[in-house]
Amino acid sequence: MNRNNTFYLIILLLSVFTFSCNEYFFRSNYNNVNDLVHGSDTMLEKPFLKAHLKNGFVYILDNRWEFDTNTNSITGFGSLYGINRLLVSKGHATIPINNVSIFETNSKLNETEVERIAALSLLAGVDIAVGIFCLTNPKACFGSCPTFYLNKNDNFHYADAEGFSNAISPSMEYGDIDALCNTNIIGDSFSITMKNEALETHCVNNVNLLAYPTNKGERVYQSQKNDFYLCQNDYQVFKATADEGNIISLINNNDKTERFSHTDSKNLSSKEEIYIDFKNVKDLNNLGLIINFRQTLLSTYLFYSAMGYMGNKVSDMFAKIESDSFLRNNFDAAVKELGNIEVYVWNDMNNTWEFNNQFNETGPIAINKQIVLLKNNSNSNISNIKVKLVLNKGLWRIDYLALTNIKDKVAPIMLNPISILNKGKLDNNALKSILNTEKHLISMPGSEYEFNFKLPKKNIDYELFLYSKGYYLEWMRQHWIKDKNLLKLKQMVYNPKKYLKHEAPNFKKYESYMEQEFWNSKVDTKTFSYDEK
Amino acid sequence: MKNSLQIILIIFITINLSSCYAPKYLPKAASIYQNEYGAFIKYRTIDNNTFAGEIIAVDSSNLIILNDYSKELMTYPINKIKRFRLRYALPKHYEAFIPIFILYPAIHGYYSLITMPFHVLITTLVSVSGENDFRYTSRKISYQQLRMFARFPQGIPANITSYDLN
């Protein structure tokens, strides 16, 4: 059991033992009628009376009973029971005091369920609120694409990779590479778990491990074009500013404390700029910008919006996407309109920002760790490098930025899995499907496959990357059908600029809440950044 | 998944441990004031035997119960009772809600990671609390107070023999 579960369990047990016992004081006994009369007088509400008779019978009277001093008896309405508590009589009763052995009063137990009903009501209230939120904004609540974990007990907050996020139909199938970093490997075994945590069918064609052995001080980074570069020398950020001011504490460590912004309330495709300074860069040749980044939930929102606009035409639309290459290329026109992250480097000679490169990767879950190649600035001989990033507001979360020197372009070895465990059991059929490029491993919601690899040599420091190829089919939700709006879909595809302006107010309605709640479920020492407004 | 099953198992064990058998002669909490029977007691003796039944009477040295299983009157010396647990009304059962409340957060998507533990916590808390209500233990009340929960708080009348009671 992991630490999160243990934490909840401890809270649960503490709560149970602390709050589980209520005590009620509702009963009193009186040996004589004087005590009874005086005792019951002090009660806010007249109690019910039990008169235990000397012969073992008992009268139970409702709260209209009275003591008649003239006849020295108790009168009232109720029932008489025998020694085995069978009903003897019912109705008006007169009980001579001399026949009574002991009196017992009982008050009603009122509102015994109030606390429990309040707790369940509170829970139901939260359920309804979150339920409505998710039903009306499904884009904010449900994930996409297969997620991979080095630690199989982690949840999607700690996903180490996410596969082929853009492949939403068979014709869009592609291979995706994610850096797993130089994970500590003991021996020559390596495992990674693939999960389906969304309402989707994942069709996985390949899962391979790419490995490259490194020496001390060396790292291998992957570029946008899926080339691999052996690097050395890391130069930390000296200064970093964005619209909100100094952001250096957010981007100078690989710690999941990310810098992100909110979208423009008038246009979802508004841009912003980040300025980064590096000092004392010893080697100005072959520089690369290391960037750890992922997307916010904006792209997920747009994708689910498109699905919603299709309504009950979703299957027709996807059939069209399969056969119509224009539609296939423009289905995500709105996301494309948001653009890449553009990298500019300051040119001292010309006093201008010079465009160097750009990059992009879809997916809000796993953090991508990539390198962006910078142009050699042979005319410059100063050791200070200034970089500018131009990016869409509210679309990117940046965790880490640094400069490095590229030593060489390298080619990692590609490894096939040697076995696959399906929820802990060896699954040879799954392995056959993965090894056969003509076949797909079908992973349904809740599925978990553990891929085991054998590395070429023991105890070598390998830089690892995960290659996954396939596509996934999003399940249509009943509540999306009501969102059908083919005109909006058309606008999204043919006029994405206009669409992103019109959609801005709708997205802004829950952007803050969605991001905060989504990432606020942090636990333990693994931290995430969120907006605290 | 394995962890989820462990948690659900622990919940059921917790609820099970906290709940106990409740005989039909106990009243509902709402009609506690018109109950004609004694309360239900379960006690463990110093030689580790367990007995349970309706409290018939308690005197200065003995506890007398109508054993729920043998349906016979039993007299046991108080000084040989290690501990007891008393139930004077039927508990409210909430376990039926547990599967619904635990599965419901599935519609919360990502947020079920947050809402699911709260569901587990609150439904278990409510269930255990419901089971634990209307009970006293030997740590909470004395034998003198225990008399109030007997069928005959005055003691068994002289005219009644053990054969008369059922």
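Below, read A as the first sequence line, B as the second, and so on, with proteins coming before strands; counting in each chain starts at 1.
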Task: Residue B:N159 versus chain A: region with a heavy atom under 4.5 Å - done: side chain
Interatomic spacing from [atom1] in [X] to [atom2] in [Y] - rounded to 0.5 Å:
X	Y	atom1	atom2	result
B:L165	A:I83	CG	CD1	5.0 Å
A:N84	B:L66	CG	CG	8.5 Å
A:F57	B:I160	CZ	CD1	8.0 Å

Task: Toward chain A: residues of residues 144-156 of chain B with heavy atoms under 4.5 Å - done: B:M148, B:F149, B:R151, B:F152, B:P153, B:Q154
Task: A:K50, part contacting chain B, at a heavy-atom distance under 4.5 Å - done: side chain
TODO: Measure A:L53 against the heavy atoms of chain B and call it side chain, backbone, both or neither at under 4.5 Å.
DONE: backbone
Name every donor-acceptor pair, under 3.5 Å, that has one atom in a side chain of residues 33-40 of chain B and the other anywhere in the protein, sequence neighbours excluded.
| unit_1 | atom_1 | unit_2 | atom_2 | d |
| --- | --- | --- | --- | --- |
| B:N35 | OD1 | B:Y37 | N | 3.4 |
| B:N35 | ND2 | B:Y37 | O | 3.0 |

Task: A:K54, NZ atom: more than 12 neighbouring heavy atoms under 6.0 Å - done: yes
Task: More than 12 heavy atoms of other groups within 6.0 Å of A:K90 NZ - done: no
Task: Contact winner vs chain B - A:N63, A:L61, A:N55, heavy-atom pairs under 4.5 Å - done: A:N55
